[in-house]
Amino acid sequence: MNPDQLADQLYAIVTGVVDRRRAANGTTESQPLIARDDIRLDRPRNRDHGDWASNVAMRLAKPLGANPRELAEEIALEAARLDGVAAAEVAGPGFINFRLDAAAAGALAKTIVDAGETYGQNVTLAGATINLEFVSANPTGPLHIGHTRWAALGDSIARVLKASGASLASEYYINDAGSQMELFGTSVLAAAKGEPTPEGGYPGQYIADLATAVLERVPGLLSLPDDEALSVAGEQAYELQLAEIRQALKDFNVEFDVWFSERSLHKPDPQTGESLVDAAVGRLRAQGHVFDEDGAVWVRTTDFGDDKDRVIRRSNGVYTYFASDAAYYLNKTDRGFQHKIYLLGADHHGYVHRLRALAGAAGDDPDRDIEVLIGQLVSINGAKLSKRAGNIIELTDLQTWLGTDALRYSLGRSPADSPLTLDPELLRSHSNDNPVYYVQYAHARTRSVARNAETAGVTRSAFAPELLTHESESALLGALQEFPRIVALAAELREPHRIARYIEEVAGLYHKWYDTCRVIPLGDEPISDLHRTRLWLNDATGQVIRNGLALLGVSAPDRM
RNA sequence: GCCCCCAUAGCUCAGGGGAUAGAGCGUCUGCCUCCGGAGCAGAAGGCCGAAGGUUCGAAUCCUUCUGGGGGCACCA
């Protein structure tokens, strides 16, 4: 008996009650008052309120002209007779509180163990084709704390979307074209020559380090003609920097399905001589949203809610960044992705309107085909960090300080739009304060119990779920039951932090259970089916925590 | 000026219209001869920024205001 099954049966009862009430009232109205999806069972906060609660009576009271408590009584009377339901009671203003049979609730432990890594997976997004783009930092410097948050969040979003059945590609868009790249090359070349950073160029020790590495790879760099030296220095530094970024993300358990180069959008097709950007502008023009003015080419993004029209090709003939965006967007569609998700920092929120306008100008539905998630910036001790300012705190530095698990977890347990302040002193000195240890410890404990059980001769040779009657057992089972719904919700809302909060709750309930319910008999006490059944519950809990941590890209150690 | 985000315990933060608003850290009191005390039990600590509104019911939805953060380009 899971909440979905209970809701199905509750729905049948409710429609029956509604029909009877209407008949009694002589109403001819036959429109259903409530849909199946409107029946939602909640876990009451207070355990005295049972395993599951429904507010359906309060919602129907007004349209039926009935007293909510009386209506609830009528529904509860029938619901109490359902198989697997131990009790259905009316409480408060008209809640119906359900208590499940221990056997019906406990069966879940075996279900989870049998499902293993697949427990939590669901099909709520089956059939969806989603392209998720995140990080996409310019390859002109190391990843810093800001990118780190999007890396953690984006990767976890990708994982929950996949776990919910979506057909998904996660992508890193490499901004390897344009003036920032030139500036980067200029900066590295200047460093190689021992000259000061050019005006507006990139400062920072990493530029000097890159220059040194480039000189190692190309010893004759400085004797090349200036243009060539600039080009070689820029390309070499770009390769080195991009490789470093890829490695840093890999070490951070962040995997991208596609690394997409902006340059590829500008490359002319050998047959037609036309680049994807050329083609994109042509396609937008064909849709009727492009116009020429002052020698430049514009997209009428104001037709789609932007506050001003945007130049796509400057009067000097050079495409703007917006042109690349357009080509990239269309390319995603061409590759079969209907739904395009962008994860951007709050400092880029000005792009939201024009990206949405882009979808509209391309003939897509901005409300359906494009989704821009705006994340708030992470600050450290109130200081904001910028690669231009040179006071970079790199991803790799943070990993060294905190460890990958703690860092991913602390970034992943808050919603993207929540401002986050990390205190490096605190994190460095008290890394045990991080809730990740609480969760990981619970997991390690489940493994330890399993190891000890084996030694003690307690095995999963029997399963008697009706014995799982302790209060802490029904609380734990109820929470474990929720996991697939939590994963589906995290995917639907693009909020993977819900996974973290959830496994923290599971960890807490597990610790409470552990404290009162022994898997291994005390002293000379014989091994019973209760112990064996508890081992199933122990292992099921470990599995759920492990699956949850995996969605967050955090390890689940067997020992700590 | 216009736009976006935020405001909940001392601190960092959760809380999809539901019952007595939660967690971690910090403070205080208990609990290890037996499955890991990185834990558990309990205490203290809140006009959920303010005021209106919608609702049977609002921390949650709407409006206004206040206070913080971020953004406006023929830059990338």
Side-chain angles (χ1 to χ4, degrees), chain A residues 40 42 44-46 48-49 53 55 58-59 61-62 68 91-95 97 138 140 175 177-183 200 262 293-298 307-308 310-316 318-322 324 345-353 374-377 379 382 384 410 413-423 426 430 432-442 444-453 455-456 458 489 492-493 495 497-498 500-501 504-505 507-508 510-523 525 531 534-535 538 559-560:
Chain A
R40 231 189 61 225
D42 296 305
R45 190 165 308 206
N46 186 335
D48 293 339
H49 295 145
N55 63 357
M58 288 181 287
R59 297 184 49 159
K62 194 165 191 181
F95 290 101
N97 293 332
N138 287 357
T140 54
N175 299 128
S179 62
Q180 290 302 312
M181 284 302 291
E182 285 176 34
L183 211 50
E262 182 186 356
E293 194 174 291
D294 301 333
V297 182
W298 300 67
D307 50 356
K308 61 187 74 166
R310 304 291 168 177
V311 170
I312 195 164
R313 196 171 131 183
R314 291 193 281 268
S315 50
N316 64 8
V318 177
Y319 284 116
T320 63
Y321 194 75
F322 187 54
S324 305
D347 54 340
H348 286 69
H349 97 264
Y351 300 139
V352 174
H353 279 306
I374 295 297
Q376 294 300 301
L377 302 176
S379 56
K384 285 165 288 294
S410 57
R413 72 189 290 268
S414 290
D417 56 7
S418 162
L420 201 54
T421 306
L422 297 181
D423 182 343
L426 184 73
H430 296 103
N432 278 14
D433 292 350
N434 196 297
V436 71
Y437 294 103
Y438 182 77
V439 175
Q440 287 185 321
Y441 178 68
R445 197 175 230 184
T446 65
R447 305 300 287 169
S448 169
V449 167
R451 285 191 300 269
N452 294 333
T455 307
V458 178
L489 184 65
E492 180 197 336
L493 301 178
E495 292 184 347
H497 76 277
R498 289 171 184 277
R501 302 294 170 162
E504 285 170 32
E505 185 195 340
Y510 175 76
H511 285 312
K512 288 191 215 312
W513 173 71
Y514 171 91
D515 237 46
T516 49
C517 296
R518 292 189 56 93
V519 172
I520 297 163
L522 265 178
E525 196 186 335
H531 299 115
R534 280 178 174 165
L535 181 57
N538 177 79
R559 291 186 171 82
M560 293 176 70

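The sequence lines fix the lettering, A, B, ..., with proteins before strands; numbering per chain opens at 1.
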How close or far is atom [atom2] of [N] from atom [atom1] of [X], stated in whole angstroms?
X	N	atom1	atom2	result
A:Q376	B:C4	CD	P	13 Å
A:L493	B:U60	CG	P	18 Å
A:D417	B:G16	CG	P	12 Å
A:Y514	B:C31	OH	P	19 Å

Touch check for [X], heavy atoms < 4.0 angstrom, all strands: base, sugar-phosphate only, or nothing?
X	value
A:D42	nothing
A:S179	sugar-phosphate
A:I374	nothing
A:P415	sugar-phosphate
A:S418	sugar-phosphate
A:A346	sugar-phosphate
A:A444	base
A:R313	nothing
A:I312	nothing
A:S414	sugar-phosphate

[atom1]-based separation of [M] from [N] [nearest Å]:
N	M	atom1	result
B:G26	B:C13	C1'	15 Å
B:G17	B:C56	C1'	11 Å
B:C2	B:U64	P	12 Å
B:A43	B:C6	C1'	32 Å
B:U55	B:G70	C1'	34 Å
B:C48	B:C11	P	16 Å
B:G42	B:U12	C1'	24 Å
B:G68	B:U8	P	14 Å

Looking only at side-chain N and O atoms, does [X] come under 4.0 Å of OP1 or OP2 in [N]?
X	N	answer
A:R314	B:A73	no
A:R59	B:U55	no
A:K512	B:G39	no
A:N316	B:C74	no
A:K308	B:A73	yes

Taking for each residue the nucleotide of RNA chain B bearing the nearest heavy atom, is the 5' side occupied by A:L522 or by A:T320?
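Result: A:L522.
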Nearest of B:C6, B:G24, B:G18 to any side-chain atom of A:N55?
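The listed nucleotide nearest to A:N55's side chain is B:G18.
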Let's test your reading of the model: under 3.5 Å, does the base of B:G71 pair with the side chain of A:D347 as donor and acceptor?
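A donor-acceptor contact between them is absent.
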A:H349 (side chain) and B:C3 (base): donor-acceptor pair under 3.5 Å
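When only heavy-atom distances are counted, A:H349 does reach the base of B:C3 through a donor-acceptor pair under 3.5 Å.
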Looking only at side-chain N and O atoms, does A:S324 offer a donor or acceptor that is under 3.5 Å from a partner on A:E262?
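A donor-acceptor contact under 3.5 Å links the two side chains.
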Counting only N and O atoms by type, is there a donor-acceptor contact under 3.5 Å from the side chain of A:N538 to the main-chain atoms of A:T446?
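Yes, the answer is positive, given that a donor and an acceptor are paired below the 3.5 Å cut-off.
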Measure all distances between protein nitrogen or oxygen atoms and nitrogen or oxygen atoms of nucleotides 19-23 of chain B, and list the pairs falling under 3.5 Å.
{"residue": "B:A19", "atom": "N6", "partner": "A:N97", "partner atom": "OD1", "Å": "2.9"}
{"residue": "B:A19", "atom": "N1", "partner": "A:N97", "partner atom": "OD1", "Å": "3.2"}
{"residue": "B:A19", "atom": "N1", "partner": "A:N97", "partner atom": "ND2", "Å": "3.2"}
{"residue": "B:U20", "atom": "O4", "partner": "A:N46", "partner atom": "ND2", "Å": "3.4"}
{"residue": "B:A21", "atom": "O2'", "partner": "A:R45", "partner atom": "NH1", "Å": "3.4"}

Using Watson-Crick or G-U wobble geometry with both distances under 3.5 Å, which nucleotide pairs with B:C2?
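Paired with B:C2, as far as the under-3.5 Å criterion goes, is B:G71.
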How far apart are the C-alpha atoms of A:R413 and A:E504, what are their side-chain angles, what is the distance that settles it, and do they pass the salt bridge (charged side-chain N to carboxylate O under 4.0 Å, His left out) test?
CA-CA 10 Å; A:R413 72 189 290 268; A:E504 285 170 32; 2.9 Å; yes
